Protein chains: 2
Amino acid sequence: MSKQNLGDTIIRNAAELFRKQGYKATSIKQIANASDCTTAALYYYFEGGKAEILETVMQRMAPDQLLPEEKRALPDTLAEFFEIRTNLMKSNMPQLAERVRWLLMELANLSEEDKAPFQRQLLGIQAEMQKSLGAYVEDETLARQVSWVMFCSMFGYQQLVVMMGLQDESGLDPDNYVEAVRNVIFKDLLHLEKRVDHE
Amino acid sequence: MSKQNLGDTIIRNAAELFRKQGYKATSIKQIANASDCTTAALYYYFEGGKAEILETVMQRMAPDQLLPEEKRALPDTLAEFFEIRTNLMKSNMPQLAERVRWLLMELANLSEEDKAPFQRQLLGIQAEMQKSLGAYVEDETLARQVSWVMFCSMFGYQQLVVMMGLQDESGLDPDNYVEAVRNVIFKDLLHLEKRVDHE
DNA sequence: GTCTATAAGCGGATAGAC
DNA sequence: GTCTATCCGCTTATAGAC
């Protein structure tokens, strides 16, 4: 938590600047100023310059640790499951939305190869959701469809409403939206209990 | 359709470059090259330079004419309505997703005042959808919730799946996704017919 | 209207002092 | 390890010729 070494400080500051302004719009001078050093010092820690700084930041911005292990347990009813997962989302909301927005922005400039790990992580989130839903929902196709619509819908809410600033005008705060999702997507499923049939 | 005046050509080319690379990453030299003129010529048409070019492009990128007037008619059943609207979305898909992504990118750098017209347009799209749904769905709250979840979900699909390149890996093409939305969000509503009670 | 030429400055990057 | 000094290239922007 303390100052740590300069290399770490550089990455933390770069991450914030990249997130706020984008990679291209951030100069190494800005990163140096924020880190209380000169641009030359950046090159001591990151020979590859700005590009290597981005690479390092990318690794820390990865969306893989989005869901803490202890939160992946499956409660007895889908209603509880829905509660836990949406609360997790709500509590991470502004920061999560910002990170996701940044990823969406910068991914466009990456090669297919560099994109791949991020894509795999995103697909992993959906897969985990689908698998969890499968513990309650018998119909596999339905579990898949619900998980995707849920995933896209939450992603859309974050970017469209939160990041584009529609929240105030629409009065659609996270609680309202989760309520809408519960009512529209999950209404017929919430009574379902955990299945123990196979496995 | 023809060459028109240079000012128009500049804006069209700038719009394409901004959309592909972002505002900051596009130089006026690139715009000039694409428009077969020099940077000095840009300043003849846009004294304000790059910033004024952006302003002009912004006006043309506005999402207000997204839904042609003739498509706003309400068919007899919600099933038909769903069909027409989702087909419209599918047929516009790659271009629409790109424009929306650009808007999301650049909006972050705008002042609250400059953002306002875009926000109003987006809210208008949702409002129109809610109003249309209201012609079939009696419960006003439900119409509102469905329209928002639908809007966010479609937005999310565009950006998450289409723009972030998850389509191939997930096998979730637009047809699949619309099918999922139909099954998950609209399943209990599709039998509804147009109400003529009030009005 | 559109060009050439050029000013002024910022960006990324490096060499060498300490 | 970190700084000063500096290089080069590119960008925005303008003045003045045609």
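Residue numbers begin at 1 in each chain, while the letters A, B, ... track the order of the sequences. Remember, predicted model here, so these are calculated numbers, not experimental data.
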Side-chain N,O (A:Lys29) to OP1/OP2 (C:dG11) below 4.0 Å
no

Walking along DNA chain D from 5' to 3', note the first and the last nucleotide with an atom under 4.0 Å from a heavy atom of chain A, and give both.
D:dG1 to D:dT4

How would you label the contact of A:Ser27 with the nucleic acid (heavy atoms, under 4.0 Å): base, sugar-phosphate, or nothing?
sugar-phosphate

On the ring face of A:Tyr23, is A:Lys50 found with NZ or CZ under 6.0 Å from the centre and within 45° of the axis?
yes

May I ask you to say what A:Ser35 touches in the nucleic acid, namely base, sugar-phosphate or nothing, with a heavy-atom cut-off under 4.0 Å?
nothing

So do the side chains of A:Glu80 and A:Thr77 get within less than 4.5 Å of each other, counting heavy atoms only?
yes

Categorize A:Ala40 for me: base, sugar-phosphate, or nothing, with a 4.0 angstrom heavy-atom threshold over every strand shown.
base

Is the B:Tyr177 ring parallel, tilted or perpendicular to the B:Tyr157 ring (thresholds 30°, 60°)?
parallel

Run the salt-bridge test on B:Arg144 and B:Asp139 with the 4.0 Å N-O cut-off and return the result as yes or no.
no

Residues A:Lys20 and A:Glu16 bridged, charged N to O under 4.0 Å
yes

Verify same cluster id: B:Leu6, B:Phe46 (apolar side-chain graph, 4.5 Å):
yes

Output the rounded distance in Å from OH (B:Tyr43) to P (C:dT6).
19 Å

Please give, in whole Å, the distance from C:dA15 C1' to A:Glu47 CD?
14 Å

Of B:Gly7 and B:Thr39, the one whose closest DNA chain C nucleotide lies more 5':
B:Gly7

